[in-house]
2 protein chains.
Amino acid sequence: MEKVIANLKTLGIDMIHQANSGHPGIVLSAAPMLYTLYAKHMHINPKDPRWINRDRLVLSAGHGSALLYAVLYMVGFLTLKDLKEFRQLSSVTPGHPEYQVTPGVDMSTGPLGQGLATAVGMAMGEKHLQTKFPNYDLINYYVYCVCGDGDLMEGISYEAASLAGTLKLDNLIVLYDSNDTSLDGKTTGTFTEDVRERFDSMGWYTTVVRDGTNPKEIDKAIIRAKKSGLPSLIEVKTILGDGSLLANSHEAHGKPLTDEDITQLKKKLGMPQTPFYVDETALMSFREEVMKRSGDKYIAWQEAYENYINKECHGDETEFLKFYNRVIEFANHDKPFIKCETEATRVSNGKVLNFLASKTDLLFGGSADLFSSTKTYIQKGGDFGPTNYAGANIWFGVREHAMGAILNGLALTGYLPFGSTFLSFADYLKPAMRMSALMNLPVTYVFTHDSVSVGEDGPTHEPVEQLAMMRAIPNFNVYRPADFKEVLGVWNAIVTLQRPSAIALSRQDTPCLEKTDPAKVLHGGYIVREETTELGAVLIATGTEVSTCIKIAESLEKDGRGIRVVSMPSIELFLAMPKKYQYKILPVGVKTFFVEAGSSQGLRRFVTNDKYLITIDEFGASGKANDVLGKMNFQEEQIKKRIKELL
Amino acid sequence: MEKVIANLKTLGIDMIHQANSGHPGIVLSAAPMLYTLYAKHMHINPKDPRWINRDRLVLSAGHGSALLYAVLYMVGFLTLKDLKEFRQLSSVTPGHPEYQVTPGVDMSTGPLGQGLATAVGMAMGEKHLQTKFPNYDLINYYVYCVCGDGDLMEGISYEAASLAGTLKLDNLIVLYDSNDTSLDGKTTGTFTEDVRERFDSMGWYTTVVRDGTNPKEIDKAIIRAKKSGLPSLIEVKTILGDGSLLANSHEAHGKPLTDEDITQLKKKLGMPQTPFYVDETALMSFREEVMKRSGDKYIAWQEAYENYINKECHGDETEFLKFYNRVIEFANHDKPFIKCETEATRVSNGKVLNFLASKTDLLFGGSADLFSSTKTYIQKGGDFGPTNYAGANIWFGVREHAMGAILNGLALTGYLPFGSTFLSFADYLKPAMRMSALMNLPVTYVFTHDSVSVGEDGPTHEPVEQLAMMRAIPNFNVYRPADFKEVLGVWNAIVTLQRPSAIALSRQDTPCLEKTDPAKVLHGGYIVREETTELGAVLIATGTEVSTCIKIAESLEKDGRGIRVVSMPSIELFLAMPKKYQYKILPVGVKTFFVEAGSSQGLRRFVTNDKYLITIDEFGASGKANDVLGKMNFQEEQIKKRIKELL
């Protein structure tokens, strides 16, 4: 036991030394925690790293990657060669843990707070998943999370923890590496709250391990936590950089130890000086201990699984795998099932969501206290809560940021999750959206009230730059549909592509358009009004501006020039189409306008002159919607006049 | 007393009815709170709305604007006509409170949580300001904040509250309108924590008013809070929409009351049915009460002020006004005072900040637990804390979002505040940056580690889209200086323009360039390398890419084409220059490249073809900095090759 912990420490320190980069402090403080988790609690299988019923571990303090990789090596997920390539390009042991890069890593972490909040999502996912197989012991795993002071200072972790308390997630166990030290120094000047009391106030079980070097005490605390029936926070008092010459100082946090320090540390730990030394006896007995316990559960699970498949699926695995692989059948989009009519696209979206929910169990989501405005409530779904984990509607509370991270946790569980709020509050969850994009998770952010047409609520509630903000995120799709049919097409795209996405929807009514087409949403942009005479100009528009542009085109074409209108529900998808298609839709050399009630940033590529950008690049105002549009020079008549003058 | 409260309610309800838009629930629940604050505690002067020693009131629940305006009318800041124009374009009574639009409004609110966190900043500002006049009773005001469940669910309010507890801000009093109801319904499914216990755990004084309709109880609680010596949270139990037919239901939150409801409400309150009825007796006695108490303090303050000016400034107000009006004298930027040499621009920035701090008291800021990385510590400033409110360095903890809001609060106090973290974490404080921009506050966000050159820490720590995200914010300046001289120029611009700004700084060394010029930073972009033969191409670059481009230009010019290099530390400032200047720097018809280690979004306007954008539009990777650059096709040799092929 002592030997394994010592070896975890020396391996972690050697990795950091070899890379000349990394965070030794947490390696030395948290090694007993990671040891105890894997030796005594985690159920995993290195031969089946994606086993659906494995226990999850989220290292929210992602800078402790060296320690995590060391233990993943000890368990059998990684090789010694992998450890030697720590922090090198294209290795499976990057600077911070990366999902789908390293076997045994359950999520990408690094930006503080995200891990803990996502772990809450994973725990919610487990609870919900359990209800799908009521008579079978198929789903019964724990979500463990290791975090530090920094994670707990972040607002997102508070938001998620508060919700976890309300939801009584007893499958969530957080180990808090508590050493009163953060990057810059002691936390006495920054973080003096009583953390356990705070978690008590939120309905958590809390306990403390006063000697964080003692794995037996850590083990006992985890056992107590499991019996508590509540989400648990175990405060483990540790010494940052324990054993190093810099022990208990913030300088141990982020710089490789000196040669001298490593020498004395290894001596103190009773380990030889050889870099990457592995004590084979310790390794084998540890691996055996982990695999014995895990193996027992894995076999029991396999039996339960076979039992389930035989009894419920007549021996056919499809149903189960369907969930696991996120295969769903979506509506035949050629025949919209609900009448397309004049309505706000947020209303259309609610209809499509409800239809989709009737087709699949995979859809799972809710709203940050704006169901009544975003219209994303699943009518027959019931509410997710401690007395009904089968509920399909999640009430996130006014916690946009935690909502984003929780959606990531749900996607990591296997769902196609969505969450909704106003577009202007997309700002609050940008860090979580970035994590969706980095991990390539099929999360859908539903944003309504998508322009200054919000009106009376004024500039704080009127998005301007949010579409641009989201379009700048790599690996992220942004949709702004024009009517019901395009909303349908957007969800078809979301279900088909299963990528990180956002939808921007209108608060105000917009007509159903003749030529919009669900199937063409996958092309990103397509013609919704053909010119009736020789092409003189193209108007590209998105969302509610599409109908405006069609009216303008009808009117301006009377002057003799042919005017085409292109709806572009997704710029990303349009740019991913073959050039030939792009040129067909947007012929080179034709005067092209882009009309969108938001920032011009990112639209310039479609026009040859800034003047052809009919956009809103200043903050909105409070007033009747049409008055606000007038102030922004964005009423239909004003847009028409602007375009006419430029033709 | 009863009459004033009833009148506040009817005025608020009439305003919402007239606008056919607004939030009646909070008007009816929080009227006794607002009444008590103004009648018994607030020291204000409608004739001197910017009085530096006034008590501040932040309505964090900004949707309660109708109530706030009603009380501001009763006090004498607004007219009845203003109330009748509620939520109309260009009125002084917009949908949510707006700073510098409405006299008596101390900050813009609306996005939940921002108000409370900014109030913490205002309280910090008051504490610091007090230390500037040690022997004079010039600064001794309270910061009051009224918030609801939604504010307290937001992570940003937790972050700020935790810091406020550590800092023992006894000048901060928060009234919590506690009605167990949020927009979507009862909070039983979303927010069950014991809020007072949570605030206790963070070192606050907490108390409860069980009958929120009783102003005497509210008054007593505020008196207790003032004696506590700690930041205070007063939980005031109220009924949302009290008196309405929808009372105690979430439906009272955001929709105008029906005619029927208004009729019965007015009857219940003993008020006539006349819209916008004002009980003149109640109005006068209320106004008298407010002005008597405020007037006494105002006169005492004027005496203290005269005393101060006479004794300390020989009768010259300049010193004091200098603070108040934010006038400072910056270094003579023609003669940089410190040697320009090869170093990271974050290091240059630390030098300039320290120099600037030696020149002015106005600079006030710190870091979100990254002083040692962002290098923004003011060496001679001391640490701001409960035993030293004179300290100039704020230790925000790992609380980026609260840091942003607190900076807004400091700017509202009169400072030129700054806060620092890594550029990739700019995401965490986007909502606060937007508030800086909306209120036009002179806040500076200092972001270091500004590209994938961060290397080993990997994609979570490597900004890609953050410059684009910030450049899309209206009324916001983004700077990316090339070397020490440009850093100096950036701070000159910041001090001169006093606008919402961000600086992006490098982690890695970059050489001091021959032609960079602090004075020219104000032009946004300027030539740092003239072509030596006929102009064939222009390379625009920012930050560390400027030196790279100069080397590339030197090398490529050997092929015969003249190559100019333009440094563009601020796109916003460049675009604000006369067209003539812009064309001089960037001649039309010349092949122009933009080289920046970040998203291409927003740069397209400078080039004629996407190919000329040498940018990074995908996530980074973990590895040695140069290896990561190689993967991104962004090493010097690779960039040179790409440009050469296009020339």
Side-chain angles (χ1 to χ4, degrees), chain A residues 21 87-89 94-96 110-112 150 153-156 158-159 162 165-166 182-184 189-194 197-198 201-202 369 371-372 385 395 397-399 401 427-428 430-431 434 438 456-460 464-465 468-469 472-474 599 601-602 604-605 618-619 622-623 627, chain B residues 21 87-89 94-96 110-112 150 153-156 158-159 162 165-166 182-184 189-194 197-198 201-202 369 371-372 385 395 397-399 401 427-428 430-431 434 438 456-460 464-465 468-469 472-474 599 601-602 604-605 618-619 622-623 627:
Chain A
S21 168
R87 295 194 150 217
Q88 302 313 301
L89 194 64
H96 288 81
L112 293 176
M153 281 191 253
E154 290 283 4
I156 185 175
Y158 155 67
E159 291 181 7
S162 179
T166 294
S182 63
L183 190 144
D184 267 343
T190 50
F191 192 51
T192 54
E193 62 174 56
D194 184 328
E197 186 184 349
R198 174 158 70 91
S201 79
M202 298 189 290
D369 198 43
F371 273 126
S372 41
W395 295 62
V398 189
R399 302 180 180 105
H401 199 180
D427 292 356
Y428 277 83
K430 170 80 205 314
R434 189 174 212 249
L438 261 170
E456 283 90 348
D457 272 343
T460 54
V464 174
E465 76 277 25
M469 173 181 88
I473 304 174
S599 167
Q601 191 177 288
R604 189 62 172 71
R605 68 195 317 149
E618 58 183 315
F619 287 119
S622 171
D627 293 348
Chain B
S21 168
R87 296 195 149 217
Q88 302 312 302
L89 195 64
H96 288 81
L112 293 175
M153 280 191 254
E154 291 283 5
I156 186 175
Y158 155 67
E159 292 181 7
S162 179
T166 295
S182 63
L183 190 143
D184 268 341
T190 51
F191 192 51
T192 54
E193 62 173 56
D194 184 328
E197 187 184 348
R198 175 158 70 90
S201 80
M202 299 190 288
D369 198 43
F371 273 127
S372 41
W395 296 63
V398 189
R399 303 181 179 104
H401 199 181
D427 292 357
Y428 277 82
K430 170 82 205 314
R434 191 174 211 250
L438 262 169
E456 283 90 349
D457 272 343
T460 55
V464 173
E465 75 277 25
M469 172 180 89
I473 305 173
S599 167
Q601 190 176 291
R604 188 62 171 71
R605 70 197 313 151
E618 58 182 316
F619 288 120
S622 170
D627 292 349

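Worth knowing before you read on, the calculation uses all heavy atoms, side chains too, and leaves out hydrogens, waters and symmetry mates. Because the structure is predicted, anything quoted here is derived from the model rather than measured. Just so we're on the same page: letters track the sequence lines, and every chain starts at 1.
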Asks: Ignoring hydrogens and angles, tell me if any N or O in the side chain of Asp369(A) forms a donor-acceptor pair with the backbone of Leu183(B) under 3.5 Å.
Replies: yes

Asks: How close do Arg434(B) and Val464(A) get, heavy atom to heavy atom, and via which atoms?
Replies: NH2-N, 3.7 Å

Asks: Identify the heavy atoms of Phe191(A) and Thr166(B) that sit nearest to each other, and give their distance.
Replies: N-OG1, 3.9 Å

Asks: For each of Gly623(B), Ala472(B), Gly95(B), tally heavy-atom pairs with chain A at distances under 4.5 Å, and name the one with the top tally.
Replies: Ala472(B)

Asks: Sort out for me which of Gly458(B), Ser599(B), Pro94(B), Gly165(B) touches chain A most, counting heavy-atom pairs under 4.5 Å.
Replies: Pro94(B)

Asks: Under the rule for side chain to side chain donor-acceptor pair (under 3.5 Å), what residues qualify as partners of Thr460(A), not counting sequence neighbours?
Replies: none

Asks: What residue, out of Pro474(A), Gly155(A), Ala468(A), has the most heavy-atom pairs lying under 4.5 Å from chain B?
Replies: Pro474(A)

Asks: Might you point out which heavy atoms bring Leu438(A) and Pro459(B) nearest each other, and give the distance in Å?
Replies: CD2-CB, 3.6 Å

Asks: Does Met153(B) form a side-chain contact (heavy atoms from CB on, under 4.5 Å) with Glu159(A)? I'd like the steps, not just the answer.
Replies: CA-CA 6 Å; Met153(B) 280 191 254; Glu159(A) 291 181 7; over 6 Å; no

Asks: Among the options Pro111(B), Gly602(B), Gly110(B), Gly385(B), pick out the one with the most heavy-atom pairs lying under 4.5 Å from chain A.
Replies: Pro111(B)

Asks: For Tyr428(B) and Leu112(A), indicate whether the former's side chain and the latter's backbone hold a donor-acceptor pair under 3.5 Å.
Replies: yes

Asks: Could you tell me the separation between the CE atom of Met202(B) and the OG1 atom of Thr192(A), rounded to the nearest 0.5 Å?
Replies: 10.5 Å

Asks: For Asp427(B) and Lys430(A), work out which heavy atoms get closest and say how close.
Replies: OD1-NZ, 2.9 Å

Asks: Enter the distance from Ile473(A):CD1 to Gln601(B):CD here, rounded to the nearest 0.5 Å.
Replies: 10.0 Å

Asks: Among all residues two or more places apart in sequence or in another chain, which pass the side chain to side chain donor-acceptor pair (under 3.5 Å) test with Tyr158(B)?
Replies: Glu193(A), Arg198(A)

Asks: Just so I understand: if I count every heavy-atom pair under 4.5 Å between each of Glu465(A), Gln88(A), Met469(A) and chain B, which residue has the most?
Replies: Glu465(A)

Asks: Judged by atom type as modelled, is there a donor-acceptor pair below 3.5 Å linking the side chain of Glu456(B) to the main-chain atoms of Ser21(A)?
Replies: no

Asks: What distance separates Thr190(B) OG1 from Arg399(A) CZ, expressed to the nearest 0.5 Å?
Replies: 6.0 Å

Asks: Does any part of the side chain of His96(A), heavy atoms only, come nearer than 4.5 Å to the side chain of Ser622(B), both counted from C-beta?
Replies: no

